[in-house]
Amino acid sequence: MYVYTREFKVGTFCLGLDPSGKVVQRFALPFDWNVSAGTIAHGRELFFHGLSSSGGFVVAYDPATGQETWRENVGFGSPVTEVSGSMAVLHSPYNQGAFAVVDLASHRVLKKGTIQGLVERGMAVVGEAAYFWGKKVDGRVGYLQCLDLKTLKVRWERTFDVETGVTAGLLHQGGRLWALVQGPQGATRMHSLDPASGATLREVPLEARLDLEANTRTVAFQNLMLVDTKGGRVLGFPLPL
């Protein structure tokens, strides 16, 4: 097992642990990374995405030797990272909503961009698509965009009702997308979405309003949507397939 660690006034490191938890390997990462790093294992390499005073870098290492094998400045840093196959999507839910699509196998940054004009941003990768969501800056309209990871083009985008926004998700189950949606008041609602268009196929109100982070992720388990709410509570809701 490999973990990212930061030691105050010392530096940032990757630690290799054996099955008993004993540290058997340690190599340094860029010294001045000042935020938590996104960590990815792919093939025979480890990838880290962190922010330093000189930029936001994706760095690859050979864990057998601890040697750096690739480095690219994508311009931002964030621990929000999701992977589909060899494709990694990096996203900063702050500032300009920067994102980058990286092919880990070929060490290439395929696309960089921003999702501007939104607050409370979130991101999920489902299959061969990345989904970005948030509220428009006036806080009254929710927004959802689907980016095709094969073509690197926007498949579709949609807005939700006034004062309504996607707040957590997304899952792909039973040929549909599932997301949690809520406004400033009232109960949270579960939306079943058409993956081809983003249109709502079914809307199911939950019994209460959930206390969610803007970029909360959800997990599918045995026909349940599991969601982590503020305060450390994990809740499960049946998906009405």
Side-chain angles (χ1 to χ4, degrees), residues 1-6 11-19 21-52 54-93 97-113 115 121-132 146-153 155 169-173 195 215-221 228:
M1 177 183 293
Y2 292 92
V3 297
Y4 165 90
T5 181
R6 180 184 179 199
T12 55
F13 301 89
C14 176
L15 304 181
L17 310 179
D18 69 11
K22 179 182 177 181
V23 177
V24 295
Q25 188 180 14
R26 169 187 170 106
F27 56 85
L29 301 175
F31 178 82
D32 61 346
W33 278 2
N34 51 27
V35 296
S36 298
T39 306
I40 308 167
H42 179 76
R44 297 180 180 271
E45 292 180 301
L46 297 173
F47 296 81
F48 301 91
H49 176 219
L51 179 66
S52 74
S54 55
F57 290 89
V58 179
V59 186
Y61 287 86
D62 179 350
T65 63
Q67 297 298 308
E68 182 179 315
T69 56
W70 175 60
R71 176 185 293 219
E72 183 81 19
N73 188 353
V74 295
F76 68 95
S78 172
V80 181
T81 304
E82 296 212 14
V83 180
S84 176
S86 69
M87 305 286 277
V89 184
L90 318 174
H91 177 52
S92 173
F99 72 90
V101 181
V102 180
D103 186 342
L104 303 175
S106 64
H107 292 175
R108 290 188 301 151
V109 177
L110 303 179
K111 185 179 180 67
K112 293 192 291 185
I115 307 295
R121 300 181 183 89
M123 186 268 290
V125 171
V126 179
E128 296 178 341
Y131 298 88
F132 301 93
C146 174
L147 176 69
D148 190 309
L149 294 180
K150 279 192 170 181
T151 64
L152 301 178
K153 296 181 179 180
R155 287 185 189 172
L170 289 121
L171 297 178
H172 188 275
Q173 193 86 334
N215 57 356
T216 296
R217 301 179 186 181
T218 53
V219 177
F221 176 74
D228 181 19

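Values below: all heavy atoms of this structure, side chains included; hydrogens, waters and symmetry mates excluded.
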Note: Ala88 and Leu104 closest approach over all heavy atoms is CB-CD2, 3.9 Å
Check step by step if ring pair (Phe, Tyr, Trp, His ring centres under 6.0 Å) holds for Phe13 and Phe27. CA-CA 6 Å; Phe13 301 89; Phe27 56 85; 9.3 Å; no
Could you go through the ring pair (Phe, Tyr, Trp, His ring centres under 6.0 Å) check for Tyr131 and His91 one step at a time? CA-CA 11 Å; Tyr131 298 88; His91 177 52; over 10 Å; no
Output for pair (Leu147 CG, Ile115 CD1), nearest 0.5 Å, gives 7.5 Å
| said: Using modelled atom types and a 3.5 Å cut-off, is there a donor and acceptor pairing between side-chain atoms of Asp18 and backbone atoms of Lys22? | reply: yes
Review point. Can you check side chain to side chain contact (heavy atoms under 4.5 Å, CB included) on Val83 and Val125, steps first, answer last?
Key: CA-CA 7 Å; Val83 180; Val125 171; over 6 Å; no
Residues Ala220 and Gln173: closest non-hydrogen pair is CB-OE1, 4.1 Å
OG1 of Thr65 to CD of Gln25, rounded to nearest 0.5 Å, is 8.0 Å
Minimal heavy-atom distance between Cys14 and Leu46, with the atoms involved, is SG-CD1, 3.8 Å
Self-check item: Heavy-atom side-chain contact between Leu29 and Tyr61 under 4.5 Å
Solution: yes
Quiz prompt | Phe76 ring center within less than 6.0 Å of His49 ring center | solution = yes
Side-chain heavy-atom pair Ile40, Thr81 within 4.5 angstrom cut-off: yes
Rounded to the nearest 0.5 Å, the CG atom of Asn73 sits from the CZ atom of Phe57 at a distance of 4.0 Å
- [ ] For the residue pair Phe132 and Phe99, categorise the inter-ring angle as parallel (less than 30°), tilted (30 to 60°) or perpendicular (more than 60°).
- [x] tilted
Report task. Report the C-alpha separation of Arg44 and Asp62 in whole Å, then their side-chain angles, then the decisive distance to 0.1 Å, and conclude whether the side chain to side chain contact (heavy atoms under 4.5 Å, CB included) test is met. Result -> CA-CA 7 Å; Arg44 297 180 180 271; Asp62 179 350; 5.8 Å; no
* Counting heavy atoms not belonging to Glu128, are there more than 12 under 6.0 Å from its CD? -> no
Check the angle between the aromatic planes of His107 and Phe47 and answer parallel, tilted or perpendicular using the 30° and 60° thresholds. perpendicular
Shortest non-hydrogen pair, Met123 vs Val89, comes out as CE-O, 3.5 Å
Residue set satisfying side-chain hydrogen bond (donor to acceptor under 3.5 Å, both in side chains) with Thr69, at least two apart, ordered chain then number -> Glu45
Asp103 meets the side chain to side chain contact (heavy atoms under 4.5 Å, CB included) criterion, sequence neighbours left out, with Ser86, Met87, Ala105, Ser106, Arg108, Leu110
With sequence neighbours left out, the residues meeting side chain to side chain contact (heavy atoms under 4.5 Å, CB included) with Lys153 are Thr151
Paired with Leu90, the side chain to side chain contact (heavy atoms under 4.5 Å, CB included) test is passed by just one of Val101, Val58, Val109, namely Val58
When every non-hydrogen atom of Arg26 is compared with those of Leu15, the smallest separation belongs to CG-CD2, 3.7 Å
| Donor-acceptor pair, Ser84 side chain versus Gly127 backbone, under 3.5 Å? | yes
